[in-house]
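Data first, discussion second: the structure below is written as structure tokens.
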Amino acid sequence: MKQAALALLPGRSSQVFDVIIAGGGVAGLALACCLKSALGAGVRVLVADPRLGENEGRERAYAVAAGPRRLLERVGAWTAIAPKAQPIVEMAITDGGAHDAARPTQLRFVERRDEPLAHMAMSDDLTAALYARALALGVECARAEVAGFGLNRYTIEARLAGAAPRARLLVAADGARSKLRDLADIATIGWDYPQSGIVATVAHERDHHGRAEQHFLPAGPFAILPLPGRRSSIVWNESRADADALLALDADDFKRQLEARFTLKLGEIDVVSKPIAIPLRYRLARRFIAERLALIGDAAHIIHPLAGQGLNLALRDVAALAEIVVKQMRLGLDPGAAAPLQEYERARRFDVAASGLGMDAMNRLFSNDVPPLRALRDFGLRLVDRTPALKALLIEEAAGERGAAPLLLYGETI
Ligand SMILES: Cc1cc2nc3c(=O)[nH]c(=O)nc-3n(C[C@H](O)[C@H](O)[C@H](O)COP(=O)(O)OP(=O)(O)OC[C@H]3O[C@@H](n4cnc5c(N)ncnc54)[C@H](O)[C@@H]3O)c2cc1C
């Protein structure tokens, strides 16, 4: 990959930008691309990240929903991602025990208007495409940590090694352990789940035909998500202790345990990446804004990966903030003023809290084997399955298209 153009050289420490983004993960880079696509030379954007443009090198796959995909198309990043992404054309949901002989499908979603429900894309492919696009659009980049910030009268100053660029708005896109959130004294609310998500890539003999499956097993959801070729990504929830014990097994025993859940419907399976266990948490920042500061992505929220919505929520933050900043700047107004930041918080905090709590409720309802609860939830799933209008609503919700969604999620220009 092309080396980042380091905008911040010693001696040029007082550069002034419109927006500085701390964090060049998917959220930070996507925001930079949205702003430059809309405003071109009319906006100066700096992205600072010590690991900017580096591959994570891990097999981490994301389900990108339709709305966020349209945003990536709009900023010109999707053309590089699409050839490596796998469309999900069908999603089947089952409820049952790990060792049940059959797990009938309770609820099934299929693509509509010839548009896949989502696409599976690798984390490194997403960031590489966005980074290349950011450079092409003229986003200025610094491979440096934002170690702190300070407020001036009309600007906010970002503290980088050897440089202190200023901007009217600083965006914290610095992930779950956001330093900027802590420095702004924004507390989080939330809890740790007693579960971990085991993530791995599995090769199988037969084609998946773009079908994703979510099995609600007593220990938690077990998702099979199709990847290009005869491979799938799994997110397998177990109690933290069981997840650790599973990872401590030798390869053959681990595979046997996996087979019991994956089943052999796609033929023989092979685990082709090193499985890792990620402890699951729910966190919501008490505020998404502070003076001249906005939080996006994991810096603002971490939700249960049950429906693969974490990155999608991050891109919904991006769509909302980009639209507000662009509107302000086109009017010649200050993008870091209190009013636009409050508009951003109003637009996002409720949506994020509702999605997070929805995932939490689903997880609690399904992660058990209590017979009356199981009967009730299966009834609910079948009811949804037989109600096309409700299914369409759920698909729109997952795509981020419900209500007054930002224009970028409809693929429109801002
Ligand atoms: C098991 C599991 C499965 C998941 N599956 C899905 C899925 O299928 N679909 C989905 O949508 N989401 C999924 N998620 C959620 C997803 O991983 C996150 O929501 C997403 O990565 C958040 O992106 P981000 O850009 O906010 O943060 P990150 O990707 O964490 O990026 C933060 C960036 O900030 C940089 N940084 C950190 N500190 C600083 C600093 N001080 N200064 C400058 N830069 C800094 C870091 O180097 C990094 O590049 C899953 C999560 C888990 C745990």
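Below, all heavy atoms of this structure are taken into account, side chains as well, without hydrogens, waters or symmetry copies. Every number for a ligand or one of its atoms is a count from 1 in the order of the listing. Numbers here are sequence positions counted from 1.
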Numbering the atoms of ligand 1 from 1, which are under 4.0 Å from a heavy atom of [X]?
{"X": "Asp298", "value": "18 (C), 19 (O), 20 (C), 22 (C), 26 (O)"}
{"X": "Ala63", "value": "7 (C), 8 (O), 9 (N), 11 (O)"}
{"X": "Gly297", "value": "26 (O)"}
{"X": "Val199", "value": "1 (C)"}
{"X": "Val26", "value": "25 (O)"}
{"X": "Gly310", "value": "10 (C), 11 (O), 12 (N), 15 (C), 19 (O)"}
{"X": "Glu145", "value": "40 (C), 41 (N), 42 (N)"}
{"X": "Gly23", "value": "34 (O), 35 (C), 43 (C), 44 (N)"}

Is the closest basic N to carboxylate O distance between [X] and [Y] below 4.0 Å?
{"X": "Glu343", "Y": "Arg348", "value": "no"}
{"X": "Arg69", "Y": "Glu73", "value": "yes"}
{"X": "Asp192", "Y": "Arg283", "value": "yes"}
{"X": "Arg159", "Y": "Glu145", "value": "no"}
{"X": "Glu213", "Y": "Arg261", "value": "no"}
{"X": "Asp207", "Y": "Arg230", "value": "yes"}
{"X": "Asp253", "Y": "Arg256", "value": "yes"}
{"X": "Arg292", "Y": "Asp334", "value": "yes"}
{"X": "Glu412", "Y": "Arg74", "value": "no"}

| message | Do Gln15 and Arg44 pair up side chain to side chain, a donor and an acceptor below 3.5 Å, judged on atom types alone? | response |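 Arg44 and Gln15 do have a side-chain donor-acceptor pair below 3.5 Å.
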| said: Between Asp317 and His301, do the side chains contain a donor N or O and an acceptor N or O under 3.5 Å apart? | reply: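 Yes, Asp317 and His301 have a side-chain donor paired with an acceptor closer than 3.5 Å.
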| So, does Ala314 sit close enough to ligand 1 that a heavy atom of it is under 4.0 Å from the ligand? |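 Ala314: no contact with ligand 1 (<4.0 Å).
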| task | Mark the output for Gly25 as yes if a heavy-atom distance to ligand 1 is under 4.0 Å, and as no if none is. | result |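 Distance cut 4.0 Å: Gly25 passes for ligand 1.
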Applying a 4.0 Å heavy-atom criterion (strictly less than), which segment of [X] is in contact with ligand 1: side chain, backbone, both, or neither?
{"X": "Asp49", "result": "both"}
{"X": "Ala299", "result": "neither"}
{"X": "Ala173", "result": "backbone"}

Flag [X] as yes when one of its N or O atoms lies below 3.5 Å from any N or O atom of ligand 1, and as no otherwise.
{"X": "Leu180", "answer": "no"}
{"X": "Val146", "answer": "yes"}
{"X": "Ile278", "answer": "no"}
{"X": "Gly28", "answer": "no"}
{"X": "Tyr62", "answer": "yes"}

| How would you list, by chain and number, every residue that makes a side-chain contact (heavy atoms from CB on, under 4.5 Å) with Ala167, sequence neighbours excluded? | Phe17, Ile20
| For atom 50 (C) of ligand 1, which candidate among Lys179, Arg281, Arg60, Arg143 provides the closest heavy atom? |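 Nearest heavy atom to atom 50 (C) of ligand 1 lies in Arg60.
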